[in-house]
Amino acid sequence: MDIVTWNVNSLRARMPRVLEFLEERRPDVVCLQETKVVDELFPAEPLEELGYQIVRHGQKTYNGVAILSRHGIEDAWCGFDGDGSDEEARVLGATVGDVMLLNLYVVNGKSVGDPKYDHKLRWMERVAALVQERYPMTEKVVVTGDFNVTFDDRDVYDPDGWRDKILCSAPEREALAAIMAPGLVDALRHFNQDEGVYTWWDFRTRGFQRKQGLRIDHFLVSPPALEAATGVEVDLVRRDGEKPSDHAPVILTLA
DNA sequence: ATGGTCGCGGAGCGA
């Protein structure tokens, strides 16, 4: 089973690239972030025609998460309270087969010290509590999405330039570790110790062309899910070409 | 330190 995480930076703007990706790779499950579309305007039909069931949790202009699946989606819920009552649409949970999914679009935080940064740290604390309460590590758990946090220098093209900056600060990394504390593992690092594996490149600096990126999109998996995992791959083809997102899709394969 | 480019929505904000 292939599970994808992809921050598409507007689903409607990205539809040609998303459809091309789905047709070529036929992934089983796709967790999308930054759909930037209210549920009533979600472009479901072309995705359903490719065989995908859809659960979505969107809002106007900003944020928005969705899960596409070629297999039955069960027990879907959204927002910290499970009812979509959050101000920001960033949390979507569901079960597909024996895999418990949590799809997250973590707060960006703007810059260290900004009020949005404090909001990010508090928001991540709520995620940690949610994982602890609702995701037993004895199950196949996959917590994925755009975390807007790097793990270490290997995830950063210019570690000294980014030292203690947003996406790289110690408090953010500690908040990420707290989410993983019950027993989640960074699946990509289990398979690949190389530096320079990135998932996001800034539009403004033409980061992709300059090979200047960060790894901020992750798969955090429980021991049973790690046992089933056979690899994690970043699909760089999707970051190149016509009207790409600023993120590449990341693909986790489970046996 | 700032700006650079996208997307949304139709100016300025968020990333």
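Proteins get letters first, then strands, A, B, ... in listed order; numbering begins at 1 in each. For the numbers below, each heavy atom of this structure counts, side chains included, while hydrogens, waters and symmetry mates do not.
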Return each pair, listed once, that meets ring pair (Phe, Tyr, Trp, His ring centres under 6.0 Å) where at least one residue sits in residues 15-38 of chain A; pairs must be two or more places apart or across chains.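 Counting only pairs at least two positions apart or across chains, the ring pair (Phe, Tyr, Trp, His ring centres under 6.0 Å) contacts touching residues 15-38 of chain A are A:W6-A:F21.
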Sequence neighbours left out, what passes side-chain contact (heavy atoms from CB on, under 4.5 Å) with A:D28? Give chain and number order.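 Expected list: A:M1, A:D2, A:H71.
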Does A:E24 pair with A:R238 as a salt bridge, N-O distance under 4.0 Å?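 Salt bridge present between A:E24 and A:R238.
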With heavy atoms under 4.0 Å as the rule, sort A:R90 into base, sugar-phosphate or nothing.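 Result for A:R90 = sugar-phosphate.
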Restricting to pairs with a member in residues 90-105 of chain A, which pass salt bridge (Lys or Arg N to Asp or Glu O under 4.0 Å), not counting sequence neighbours?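 As it turns out, the salt bridge (Lys or Arg N to Asp or Glu O under 4.0 Å) pairs with a partner in residues 90-105 of chain A, which skip direct neighbours, are A:E88-A:R90, A:D98-A:K140.
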Which two nucleotides bound the region of DNA chain B that has atoms under 4.0 Å from heavy atoms of chain A, read 5' to 3'?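 Range of nucleotides touched by chain A: B:dG4 to B:dA15.
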Which residue, A:T35 or A:Y62, contacts DNA chain B at a nucleotide closer to its 5' end, judged by nearest heavy atom?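 Counting from the 5' end, the first nearest nucleotide belongs to A:T35.
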Considering only the P atoms, how many Å lie between B:dC13 and B:dG4, rounded to the nearest integer?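 Those two atoms are separated by 16 Å.
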In whole angstrom, give me the gap between the C1' atoms of B:dG9 and B:dG14.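 Those two atoms are separated by 13 Å.
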Categorize A:R210 for me: base, sugar-phosphate, or nothing, with a 4.0 angstrom heavy-atom threshold over every strand shown.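 Nothing: the residue A:R210, judged by heavy atoms under 4.0 Å, touches no strand.
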Scan for ring pair (Phe, Tyr, Trp, His ring centres under 6.0 Å) pairs involving residues 72-96 of chain A, sequence neighbours excluded, and state none if there are none.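 Non-adjacent pairs meeting ring pair (Phe, Tyr, Trp, His ring centres under 6.0 Å): A:F80-A:W123.
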Aromatic ring pairing A:Y157/A:Y198, orientation class (parallel under 30°, perpendicular over 60°, tilted between):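 Perpendicular.
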Pick base, sugar-phosphate or nothing for A:S10, based on heavy-atom distances below 4.0 Å to the nucleic acid.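 Sugar-phosphate, backbone atoms only, no base.
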In sequence, state the C-alpha distance, the side-chain angles, and the governing distance for A:D186 and A:R215, and then conclude on salt bridge (charged side-chain N to carboxylate O under 4.0 Å, His left out). CA-CA 12 Å; A:D186 174 7; A:R215 187 171 73 97; 2.7 Å; yes
Quiz question: by atom type and distance under 3.5 Å, do the side chains of A:D217 and A:T199 form a donor-acceptor pair?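 On atom types as modelled, these side chains qualify, holding a pair under 3.5 Å.
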When all nucleic acid strands are considered with a 4.0 Å heavy-atom cut-off, which category describes A:Y105: base, sugar-phosphate, or nothing?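 Result for A:Y105 = sugar-phosphate.
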Any residue in residues 108-127 of chain A with a heavy atom nearer than 4.0 angstrom to DNA chain B? Just list them by number, or reply none.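 Contacts with DNA chain B under 4.0 Å: A:N108, A:K116.
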Do the rings of A:H218 and A:F147 sit parallel, tilted or perpendicular, given the 30° and 60° boundaries?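 Ring orientation, 0 to 90° scale: tilted.
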Pick the nucleotide of DNA chain B nearest each of A:F203 and A:D146; which residue has the one closer to the 5' end?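 Nearest-nucleotide comparison on DNA chain B picks A:F203.
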